[in-house]
Amino acid sequence: MNPLEGRSVALGVSGSIACYKAVDLASKLVQLGARVDVMMTEAAMEFVAPLTFAAVTHRPVVESLFDPKSEISIDHVAIAERADAVVIAPATAQTIAKLALGLADDPIGATVLATAAPVIVCPAMDAHMYDNPATQMNVETLASRGFVIAGPAEGRLASGLMGKGRLIETAEMVGHLRLALGRRGSLAGRKVVVSAGGTKEDIDPVRFIGNRSTGKMGYAVAEAAIDLGAETVIVAAPNALQPPVGARVEAVRSALEMRDAVLAESSDADAVVMAAAVADWRPRERSASKLKKGGRSSFSLDLERTPDIIAEVERRGLVKVGFAAESDDVLANARKKIAPKGLDLIAANDVTAPGSGFGSDTNRVTLIDRGGNVEELGVMTKYEVGRRILDRVASLLGCPAARRDAQPPAR
Ligand SMILES: Cc1cc2nc3c(=O)[nH]c(=O)nc-3n(C[C@H](O)[C@H](O)[C@H](O)COP(=O)(O)O)c2cc1C
């Protein structure tokens, strides 16, 4: 399951030194399954040859409104009508100004005027050009019309100066695109809370009890939730992952902190997916200073139970999904957890099996519902597992199927 499979993206490239980064973006979009139509301004073609984009997208590049090798010279709004989203990256000061005025003297302007799809503008320019009141006013005009203004970032600019004007990173551009495309997904208007990562239970200021969870499964569920249009909150135990664009992250450390955050966030949620690896036990006392070895040859920690977070989440109409990471009797052990925790669905996985478990990009999960129905998912990416779980959540919530073919809402 490729997140952008079947999606059509129009990519407008204007004449910035950051044009080379748009090649990476085009390539990434193709890898994610999108059909990408690249439109270049004359200035953009001074920086990168159209052939480069044609080679990564396997499609002709539109070089002008009257480009005989492009369908646009016969039907000048063809790309506008086909596009599920339009991305302008990099967007120069000039192109932003033209879009704000509604000019249509090039393929980008004509496409943006004619499309009903969301438009994402990724500015890239010198910091002074960006700060200039003319540019600022144009950016505000586009934002007020519902365009997504993604960036620019602060950092080192091509001029050698530090400032605000850098094109945002490819992953972030893709994230903004997915967020915009998700707006019409099956979970649009719903709130999904996902817990992720492994909690840490402090022993003293330098030591803790942790586990091997990396957070990949929870973040993949969050990514899928964004793609399906949900308002997405990640209650995240410490991890090294980049959250998907559009997700709100509530950072926590211990099981108790995670409980407080999950209960607070779930009060107005439609679904809670507990993908975090939460400690079962925590030290009864945390030492304020580093514990010394002393002359001891052994040492015992007095542990107490942590709360069962998902069991404490009130059902009141929301869908509760738990994960059972097991190393033996996977299905039997998972099944036993459904009733006491009040779950609608449990995702059971054998963390010792090949292709599943902590740190892996894939997982092999079996879904069991309240009625005891079993759906065995083969080895698949954690993102796909997330999609499958959320498809089940959407159907339990009675959500209509994704409205991809319906008229999109006004930008
Ligand atoms: C080396 C070089 C780098 C440039 N980089 C940028 C840039 O990053 N952002 C920008 O807005 N303009 C930049 N420009 C100026 C634009 O190329 C120029 O305004 C052009 O008319 C933009 O046209 P377009 O928006 O139709 O592509 C650069 C020009 C040169 C010569």
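One is the number of the first residue; the rest follow in order along the sequence. Start at 1 and go down the list; that is how both ligands and their atoms are numbered. For the numbers below, each heavy atom of this structure counts, side chains included, while hydrogens, waters and symmetry mates do not.
- Within 4.0 Å of ligand 1, protein heavy atoms belong to S14, G15, S16, I17, T41, A43, F47, T92, A93, Q94, T95, A124, M125, M129, listed by chain and number.
- Judged as a side-chain hydrogen bond (donor to acceptor under 3.5 Å, both in side chains), the pairs with a partner in residues 49-61 (not counting sequence neighbours) are, in order, D37-R59.
- Shown here for Y130 and G151, the closest heavy-atom pair between the two residues is OH-O, 4.2 Å.
- A donor-acceptor contact under 3.5 angstrom links the side chains of D369 and N373, judged on distance only.
- Partners of K69 by salt bridge (Lys or Arg N to Asp or Glu O under 4.0 Å), not counting sequence neighbours, listed by chain and number: E63, D67.
- For the salt bridge (Lys or Arg N to Asp or Glu O under 4.0 Å) test, residues two or more places apart in sequence or in another chain that qualify with R259 are E312.
- In this structure, the separation between CD1 on I108 and CE on M39 is 5.5 Å, given to the nearest 0.5 Å.
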